[in-house]
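Residue numbers start from 1 in every chain, and the chains themselves are labelled A, B, ... in the order their sequence lines are given, proteins ahead of strands. Note that these values count all heavy atoms, side chains included, but never hydrogens, waters or copies made by symmetry.
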Amino acid sequence: MSDDLTAFRAETRAWLEAHCPAEMREPVRSDKDVCWGGRKARFSSVAQKQWLDIMGARGWTVPDWPARYGGGGLSPDQAKIVRQEMADLGCRTPLHSFGISMLGPALLRYGTEEQKLEHLPRIARGEIRWCQGYSEPNAGSDLASLATRAEDKGDHFLVNGQKVWTSYADQADWIFCLVRTDPTNKHRGISFLLFDMDSPGVSTRPILLISGYSPFCETFFDNVKVPKDQLVGEINRGWDVAKYLLGHEREMISGMGTQGGAISLSKIALANLGAEADGRLADPILRARIAQFDLRAEAFRAMSERFLDELKAGKAHPAQPSMMKYTGTELNKQRYELAMAAGGSAALEWDSDESRQGAAARAWLRTKANSIEGGTSEIQLNIIAKRILALPGA
Amino acid sequence: MPMFLTDEQVMLADTARPFLADTAPVAHRRALRDADDERGYAPDLWRRFAEMGFTGIVADEADGGLGLGHVEAGIVLEEIGRNLTPSPFLSTAVGAVTALKGASEPLRRRHLPAILAGESIAAIAIDEAARHRPHHVGLRAERSGNGFRLSGTKRFVPFGHVADLLIVAARTSGAPDDVDGITLFAVPGDAATASPRRLADASLAARLDFADVQVDGDAVIGEVDGGRGPLDALLTVLRTGAASEMLGLANGAADMTMAYLRDRKQFGQAIGSFQVLQHRAAHLYCELEVARAAVLKAQQLLDQGAEAADRAATVAKGMVGFASLLAVQEGVQMHGGIGMTDEYDIGFYMKRQRVLAELYGDSDFHADRLARLSGY
Ligand SMILES: Cc1cc2nc3c(=O)[nH]c(=O)nc-3n(C[C@H](O)[C@H](O)[C@H](O)COP(=O)(O)OP(=O)(O)OC[C@H]3O[C@@H](n4cnc5c(N)ncnc54)[C@H](O)[C@@H]3O)c2cc1C
Ligand SMILES: Cc1cc2nc3c(=O)[nH]c(=O)nc-3n(C[C@H](O)[C@H](O)[C@H](O)COP(=O)(O)OP(=O)(O)OC[C@H]3O[C@@H](n4cnc5c(N)ncnc54)[C@H](O)[C@@H]3O)c2cc1C
């Protein structure tokens, strides 16, 4: 490793130690500890807002975006060091955002300079919260069959239709939305639009999940006017943007359960079950299951690192995110099954204060969506079979 | 260090791949087996390894080696694994050369030149029980004259019956399971009485009996009674190496299987067009990629001299154990009836996988070890 990077690591660590509030170095315990920003942001503590502001100002919510778009302007190696040092010190992710993990990369690649300058800095500072309008009642896995219409009205598009499973649509400020602009062409009749959720004609209806929370919605568009300059990429070529964005979404979802520090199954189990005299977890079968899981999880961590390194160097296969998504989400579901076993009956409590309002059980149920959202596991396997393995007829 | 191969490493892979595919494909292993070969490897081929510089791949340049690292050794091992090549490369060029790095100058000079020249091969004698339990060392080394007398038995020693050099973990004090009191020795191959056993994969592993064998005092590697550290360091290297070889094996089996899925037709179509097989093939691919990352991580940490290499080697050996087992099971299953025949190569992969899995600890061993390292 070069001297420059060694010095950068030391500076980074010192800066993080000096600027990350102590509270923001404690593990995330429930959804409330996660900061999403946006016009309607509700911060759960002063420290949470401070941490977002400090990191946003430095561009380190997005360390490798260019500085002119609100990023840190760091090289891939430097950005990796920031991530590693944050993980090492247990710093929470200052901002969770579909803008960062999904829209940003797509705008960097397909957006006009005006679009980049308008949207990216606000994403970086957590000022605007985005939601994703892809799925529809009849367009799930077969996303390209979507039917929400956008008609060309000269200076604007007129959008009519319905989205579903739109995560946090009721709390988002803007939406990136797939619309049909040519009904005669399935894939080459889709366009990618950006618009304000406060636009007249947009309405949302929350849907309750099995976790008892309501993070997603039905989203309705009734004669919504969208200015023409809010189209990303070419008309009827939104599928390219959509797929590129999905790659980033899948990469993000693959890391669910490990970002900001994974729960430690052995700690939960040791606290509940105790240890033998030689230090081994008292339940030998659960111990073996956790050990096998941890082995896979550590191997997968190496895979995530490898994938990011390959991606930054332009060496990753375009279908790699499908592999990451499939493997990471199946692993995360297993992690939370084991967490329930390790927690025993205590983990089943749904609304007691001791259980932090059922945090364990709700988190466990939430993970079941990981292998559905962003394209199901089966769809990822289809993509791998076709794009990577090139199996016949796939 | 980014987690992909450097340009130089890619070049090495581009050299190693055709070299092993041409000189030592699975047919080579089959031929040795069918000839009831008693050595377990082909000396001609080993000399060619020396000509390529592979025998000195991790040896220091000052000692006449290439001075490369475990990523590079892993590249060669992967091709050995892919072709199921019977080769003393892991025990000699990786294991013994690593062990000798901690040895005195005279000891290094006695053994290294012959190894690098391809004239001498080495075996690693650690295990004594039916399952890998490396810190259980009962073979005794008692001081006697200006040397030691070795007595006891080692098992599952690949190339132990033909080795010119044996690296032996022995007990110089304490009881068999004590942490302290282990000493590493580098002794001549004829110090032990070897009985080779042919294993399921047609390779040979020896049982070594030491019956009060006198060895010189300068055969000690490192400190007397202080062998636990060097033994653990050697095991990290061997586990990483065995994982690299298994990774190659797993990819070899998977490649054969993918090709078969494209070729074999039933119901008027390639069997690879059935989604149930596609999904299993895709799942296998994912497992192999995760295993590859774990192996590369361990190799890179070893080359950085990082302490974390020990844990990473356990993750690598355990993960590649899972992935390679899946590769050979799916391999045989997806080949249908022909996969069960001796004539077809896929079965060779299955047998070899089981042997490599056992070597230096299988996935169960390493999951348990990871739990201990993690404090539960
Ligand atoms: C918590 C959560 C949050 C979400 N957030 C968003 C969001 O913010 N924005 C958004 O646009 N969408 C969102 N989604 C929607 C998500 O992308 C879809 O649920 C997903 O793409 C699957 O579509 P579907 O639900 O219609 O299932 P279907 O497509 O009907 O699938 C049903 C089952 O059939 C299988 N299947 C379908 N086709 C095939 C095939 N060809 N081969 C094999 N198996 C197949 C699937 O794998 C699945 O198991 C979210 C979903 C969840 C659960
Ligand atoms: C030890 C042994 C003894 C045998 N004894 C006899 C005997 O006494 N008499 C006799 O007649 N036969 C015998 N057989 C043959 C046996 O019945 C066939 O091997 C078996 O039916 C599979 O056919 P196959 O080998 O051609 O494989 P294939 O049909 O080529 O199958 C290859 C792979 O493709 C899969 N596959 C094929 N079609 C599909 C599909 N539509 N969807 C999903 N997957 C598919 C298979 O499951 C398999 O994994 C024996 C086989 C063995 C191994």
Novice: Is it the case that Thr257(B) and Glu330(B) place a side-chain donor and acceptor less than 3.5 Å from each other?
Specialist: no
Novice: For chain B, which candidate among Gly393(A), Ser377(A), Gly279(A) shows the most heavy-atom pairs at distances under 4.5 Å?
Specialist: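 Looking at each option in turn, the highest pair count goes to Gly279(A).
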Novice: Hey, are Arg369(B) and Asp310(B) close enough for a salt bridge, meaning a charged N less than 4.0 Å from a carboxylate O?
Specialist: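 Looking at Arg369(B) and Asp310(B), the cut-off is met.
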Novice: Heavy-atom pairs under 4.5 Å with chain A - which of Ala367(B), Ala294(B), Gly318(B) has more of them than the others?
Specialist: Ala367(B)
Novice: Chain B heavy atoms under 4.5 Å from Asp278(A): which part of the residue, side chain, backbone, both or neither?
Specialist: neither
Novice: Just checking, any donor-acceptor pair under 3.5 angstrom between side chains of Asp178(B) and His135(B)?
Specialist: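 Note: Asp178(B) and His135(B) side chains miss the donor-acceptor criterion.
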Novice: Which residue out of Arg280(B), Gln304(B), His283(B) racks up the most heavy-atom pairs below 4.5 Å with chain A?
Specialist: His283(B)
Novice: Using a cut-off of under 4.5 Å for heavy-atom pairs, which of Gln275(B), Met258(B), Arg311(B) has the most such pairs with chain A?
Specialist: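 Top option by heavy-atom pairs under 4.5 Å: Arg311(B).
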Novice: Could you verify whether a donor N or O on one side chain and an acceptor N or O on the other, from Tyr376(B) and Asp294(A), lie under 3.5 Å apart?
Specialist: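 Short answer, yes.
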Novice: Here's a test for you: under salt bridge (charged side-chain N to carboxylate O under 4.0 Å, His left out), which of Lys80(A), Arg25(A), Arg9(A) qualifies with Glu85(A)?
Specialist: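 Going through Lys80(A), Arg25(A), Arg9(A) one by one, the salt bridge (charged side-chain N to carboxylate O under 4.0 Å, His left out) with Glu85(A) is satisfied by Arg9(A) alone.
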Novice: Evaluate the ring planes of His366(B) and His132(B), with Trp represented by its six-membered ring, and classify them as parallel (under 30°), tilted (30 to 60°) or perpendicular (over 60°).
Specialist: tilted
Novice: Please determine if Arg131(B) and Asp362(B) form a salt bridge, counting it only when a charged side-chain N lies under 4.0 Å from a carboxylate O.
Specialist: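 Yes, Arg131(B) and Asp362(B) are salt-bridged.
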Novice: Checking Leu389(A) against chain B: side chain, backbone, both or neither under 4.5 Å from a heavy atom?
Specialist: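 Contact with chain B: backbone and side chain both.
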Novice: Indicate yes or no for a side-chain donor-acceptor contact from Tyr260(B) to the backbone of Gly272(B) under 3.5 Å, with no hydrogens or angles considered.
Specialist: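 No; zero donor-acceptor contacts below 3.5 Å.
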Novice: Knowing that exactly one of Asn83(B), Leu247(B), Val295(B) qualifies, which makes a side-chain contact (heavy atoms from CB on, under 4.5 Å) with Glu78(B)?
Specialist: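 Among the candidates, only Leu247(B) passes.
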Novice: Please classify the contact between Glu378(A) and chain B as side chain, backbone, both or neither, with a heavy-atom cut-off of under 4.5 Å.
Specialist: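 Both backbone and side chain.
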Novice: Does a salt bridge link Glu337(A) with Lys333(A), judged by any charged N lying under 4.0 Å from a carboxylate O?
Specialist: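 No salt bridge links Glu337(A) with Lys333(A).
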Novice: Who among Ala371(B), Ala298(B), Gly375(B), Cys286(B) has the most heavy-atom pairs with chain A under 4.5 Å?
Specialist: Cys286(B)
Novice: If we define contacts as heavy-atom pairs under 4.5 Å, which of Met319(B), His279(B), Arg262(B), Lys297(B) has the most with chain A?
Specialist: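 Option with the top pair count is His279(B).
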Novice: In terms of heavy-atom pairs under 4.5 Å, which option from Leu308(A), Asp77(A), Asn382(A), Ile383(A) contacts chain B the most?
Specialist: Asn382(A)
Novice: For Ile290(A), which atoms come within 4.5 Å of any heavy atom of chain B: side chain, backbone, both, or neither?
Specialist: both
Novice: Looking at Val320(B), Leu261(B), Asp368(B), Thr314(B), which makes the most heavy-atom pairs under 4.5 Å with chain A?
Specialist: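 Among the listed options, the one with the most contacts to chain A is Asp368(B).
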Novice: Against chain B, label Tyr326(A) side chain, backbone, both or neither, depending on which of its atoms sit under 4.5 Å from a heavy atom there.
Specialist: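 Only the side chain of Tyr326(A) comes within 4.5 Å of chain B.
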Novice: Contact part of Lys312(A) toward chain B, heavy-atom cut-off under 4.5 Å: side chain, backbone, both or neither?
Specialist: neither
Novice: For Gln269(B), which atoms come within 4.5 Å of any heavy atom of chain A: side chain, backbone, both, or neither?
Specialist: neither
